[in-house]
Structure formats: structure tokens, C-alpha cells
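Computed from a predicted model, the values in this text were never measured in an experiment. Counting starts at 1 for both ligands and their atoms, following the listed order.
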Amino acid sequence: MSKEQLVVRKIKDGTVLDHVEQGKALKVLEILNIDGKDGNVVTVAMNVSSEKLGKKDIIKIENRFLKPEETNRIALIAPRATVNIIRNYQVVEKRKVEIPDTFVNVLKCPNPTCISNSNEPIAHIIDTVRKNPPLLKCRYCCRLFLPNELI
Ligand SMILES: [Zn+2]
């Protein structure tokens with residue numbers, strides 16, 4: 001077993017995010033709203049050697065099985081990330097991430113005067129105009145922006 005496998009394996013149940021671009025792990029946790037407050041063990045490994053990426057980050061979230069609509073947000077930050085769902089130490093599902101067509105209540109419009117940033121009880125809705133490279137648009141004020149303006 002290689003060193004890399006040792007880092008990735010070993011959780012009983014949960015989600016492993018592998019092939020996260022080097023240095024992006026904390027941003028990925030942020031966009032997933034994972035802050036450790038639910039008490040589950042979250043392990044972050046940064047700068048792990050990878051044949052594919054040179055260096056990469058790995059995130060292991062125990063006892064949570066992230067759904068595609070959650071993990072697809074990661075594609076804005078780490079488009080090459082792979083999602084491994086682990087049950088009883090086995091990878092039962094492996095998938096890639098893909099930028100969704102719409103983000104609802106995930107990202108906030110960067111326009112301070114946008115109605116979605118007022119006190120109105122409306123959802124934050126951001127549409128994907130282009131996926132590669134990503135270009136996003138607020139559904140309310142129609143402002144266009146790049147992911148790094150939001151995250
Ligand atoms: Zn807006």
C-alpha cells in the first residue's frame with residue numbers, strides 16, 4: 001500500500017474529498033459550510049504528494065455522506081476534486097464534481113446594493129452562465145462575476 005492510500009483510507013463511514021487543488025482545502029470546507037460544530041471528525045491533509053497534481057489536499061469528513069448538490073459546489077474551487085463515499089471502510093461511490101447550473105443560498109451576490117443583500121426575505125440565487133472557465137450571474141441584479149469574487 002502506498003503512502004497516499006494510507007492517508008486516504010481508514011475512515012469507517014463518511015466522505016473523502018480527494019484531489020483537491022493544493023491549498024484549497026479550507027476554502028472547500030467553507031463553501032460546504034463544514035466548521036466542525038456538529039462534532040464529527042474532520043481531517044484535512046494539505047500538500048500531500050500526488051502523481052496527478054504534484055501536490056494536493058485531502059479532506060476526510062466522518063459520518064457524513066455528502067450529496068452531489070453539496071459536493072458540486074466544490075467544482076468552483078477545486079474542479080478536479082473526486083468524491084469518495086465510504087461505508088464500513090469501503091468506497092461505495094466515487095464521483096467527480098460538476099458546477100451546478102444554479103446556486104441557491106450557497107453564494108452571495110457581491111453587489112452590495114443588490115436586493116438579495118437587503119433585508120428582504122429572498123433566496124440568494126446565482127446562475128452559472130459558463131462552466132469552463134466559470135462565469136456566474138446574480139439572478140436579481142444580473143451582475144456577472146468570477147468565482148474568486150465570491151469565495
Ligand atoms: Zn445581485
Legend entry - Side-chain donor-acceptor pair present, Asp18, Thr82, cut-off under 3.5 Å: no

Legend entry - Charged N-O contact under 4.0 Å between Lys131 and Asp101: yes

Inset, instruction - Check the Zn ion (ligand 1) and write out every protein N, O or S atom at under 2.8 Å, as residue and atom. - result: Cys109 SG, Cys114 SG, Cys138 SG, Cys141 SG

Inset, instruction - Taking only Lys NZ, Arg NE, NH1 and NH2, and the carboxylate oxygens of Asp or Glu, determine whether Glu70 and Arg64 approach each other closer than 4.0 Å. - result: yes

Legend entry - Thr71 versus Arg95, side-chain donor and acceptor atoms under 3.5 Å: yes

Legend entry - Test item: side-chain donor near acceptor, Asn47 and Gln22, under 3.5 Å: yes

Legend entry - Lys/Arg N to Asp/Glu carboxylate O, Glu21 vs Arg80, below 4.0 Å: yes

